[in-house]
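Below is one structure; the comments refer to it alone.
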Number of protein chains: 2
Amino acid sequence: MARTVTEKADILPLLAEVFREHGYEGASLSLISQATGLGKGSLYHFFPGGKEEMMTAVLASIDHWFETEIFQPLLTSAHPAAAIEAMFEAVRTYFASGQRVCLVGLLGLSDSRDQFAEAIRDYFARWVQALTTALRHTHQTEQAARDHAEQSVAGIQGAIVLARALGRPDVFDRVLDEMKGRQPGKSGG
Amino acid sequence: MARTVTEKADILPLLAEVFREHGYEGASLSLISQATGLGKGSLYHFFPGGKEEMMTAVLASIDHWFETEIFQPLLTSAHPAAAIEAMFEAVRTYFASGQRVCLVGLLGLSDSRDQFAEAIRDYFARWVQALTTALRHTHQTEQAARDHAEQSVAGIQGAIVLARALGRPDVFDRVLDEMKGRQPGKSGG
DNA sequence: TGGATTTTGTACTGATAGGTAAACTCTTAA
DNA sequence: TTAAGAGTTTACCTATCAGTACAAAATCCA
């Protein structure tokens, strides 16, 4: 009965989804086992550190995705305005118009926040920094660019909260559209 | 050993704080017992429906506070712009510049969301509606006012998420300040 | 084929979860 | 004075929690 899963990486998305839907504490091992199709023996074989190691691995994979798909383009693109627009569209897809929760944001509000505080802070700090860099040229001061970046990241997180609470994905889309319209290169920016 | 607490209302704030800090599932009866100073027996005397009834009571009390302190002023004030500004300041204090979580928003992201879906949706729908009403006179269309209102409510929720994740209350204050600056009656609004 | 290794199922642990039940203590008022 | 009710303590229930132990199985390498 060996070799159901070849790579540990294969089950990370499933793991992430369980944590997203149920939170860290709410995601019991039996739920995780059910969602991944792996028994306890296998789970502890791949993650000897238990749930904490599972969450750490999930956070690392999320971090990697954002680093390559969002942060790096913002930091290095020759056309910052285009990179920012691409960010909004990538985020809209990633969070399924607010029907999919931001696991890092959720974790930051939750009971187990302290356990993963560094990873959570890092994720948001790097996001704000990348966006600040992309915005720097269109703002008079670094602080103005940073303010704008904080606004946008907060707006995205808040759009998830609001859209989910209302059960209205269109709210997420509208909030993002309006923020996009306030970016450099757009009228009224 | 009777009569430790006179009014059920007296323990609601303590209850609310436990739920805010630990979430619905994370707030165990022993934590609740410790935070309120009431034994299990007493808790079930006041809330025969258990945790669910406790949370329902907390949500009702939160709802009542927002209704009288935020929504009604927005809906009935003769000076909507002043009411909006007052809202931002009341919210800043209430959420302690993002150091205090919005229990309703948190619940909307959590596992037990379905259990309280109606109360959660109601809270945010009424907030958006009240703000839309206050903004209506300064926008060309009802939809424009609603868009603006959604932006603001989402911005507040996102500011909580971001400020908490970063451990930086000043981020909450900056995000709110910028939103306040974009309200009617302000330059650039 | 055969031995070493990786993977998995099952049964278990102690702790804690939410909730129940009943005995007990105090206050109140007739 | 006493009986009723409000409030409380304590002990207990079953279910489930995260985590452990370990042997049976599947696979790999030779």
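In what follows, chains carry the letters A, B, and so on, assigned in the order in which the sequence lines appear, proteins first and then strands, with residues in each chain numbered from 1. Computed from a prediction, not measured in an experiment: that's the story for all the values here.
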> Are B:R121 and B:E118 ion-paired here, with the side-chain N under 4.0 Å from a carboxylate O?
Replying inline: no
> Rounded to the nearest Å, what distance is computed from the CG atom of residue A:L38 to the P atom of nucleotide C:dT8?
Replying inline: 5 Å
>> Nearest 0.5 angstrom please: B:Q151 CD to B:R182 CZ, how far?
In response: 6.5 Å
Output a table of donor-acceptor pairs, distance under 3.5 Å, between side-chain atoms of residues 43-52 of chain B and any protein atom two or more places apart or on a different chain; print 'none' if there are none.
unit_1: B:K51; atom_1: NZ; unit_2: B:Y24; atom_2: O; d: 2.8
unit_1: B:K51; atom_1: NZ; unit_2: B:A27; atom_2: O; d: 3.1
unit_1: B:E52; atom_1: OE1; unit_2: B:Q115; atom_2: NE2; d: 2.8

Enumerate the protein-to-nucleotides 20-24 of chain D contacts in which both atoms are nitrogen or oxygen and the separation is below 3.5 Å.
none

> Over how many whole Å does the gap from A:E52 atom CD to D:dG19 atom P extend?
Replying inline: 8 Å
> Please give, in whole Å, the distance from D:dA18 C1' to A:K51 NZ?
Replying inline: 8 Å
> Starting at CD of B:E53 and ending at P of C:dG19, how long is that distance when rounded to a whole Å?
Replying inline: 11 Å
>> Between P on D:dA6 and CG on B:L43, what's the gap in Å once rounded to a whole number?
In response: 17 Å
> Contacts to DNA chain C from residues 18-34 of chain B, heavy-atom cutoff under 4.0 Å, which residues?
Replying inline: B:A27, B:S28, B:L29, B:S30
>> So, using side-chain contact (heavy atoms from CB on, under 4.5 Å) as the criterion, who are the partners of A:S61 when residues are at least two apart?
In response: A:L12
> Just how far, in rounded Å, is P of D:dG7 from NZ of B:K8?
Replying inline: 11 Å
> When the distance from CZ of B:F46 to C1' of D:dA6 is rounded to whole Å, what number comes out?
Replying inline: 8 Å
>> Give me each pair satisfying ring-ring contact (aromatic ring centres under 6.0 Å, His included) with a member in residues 90-110 of chain B, each pair once, sequence neighbours excluded.
In response: B:W65-B:Y94, B:F66-B:Y94
>> Does B:K180 form a salt bridge (Lys or Arg N to Asp or Glu O under 4.0 Å) with B:D173? I'd like the steps, not just the answer.
In response: CA-CA 10 Å; B:K180 226 169 74 174; B:D173 290 334; over 6 Å; no
> Angle class for the A:W127/A:Y123 ring planes (parallel below 30°, perpendicular above 60°, tilted otherwise)?
Replying inline: perpendicular
> What pairs with B:L75 under side-chain contact (heavy atoms from CB on, under 4.5 Å), at least two apart in sequence or on another chain?
Replying inline: B:Q72, B:A130, B:T133
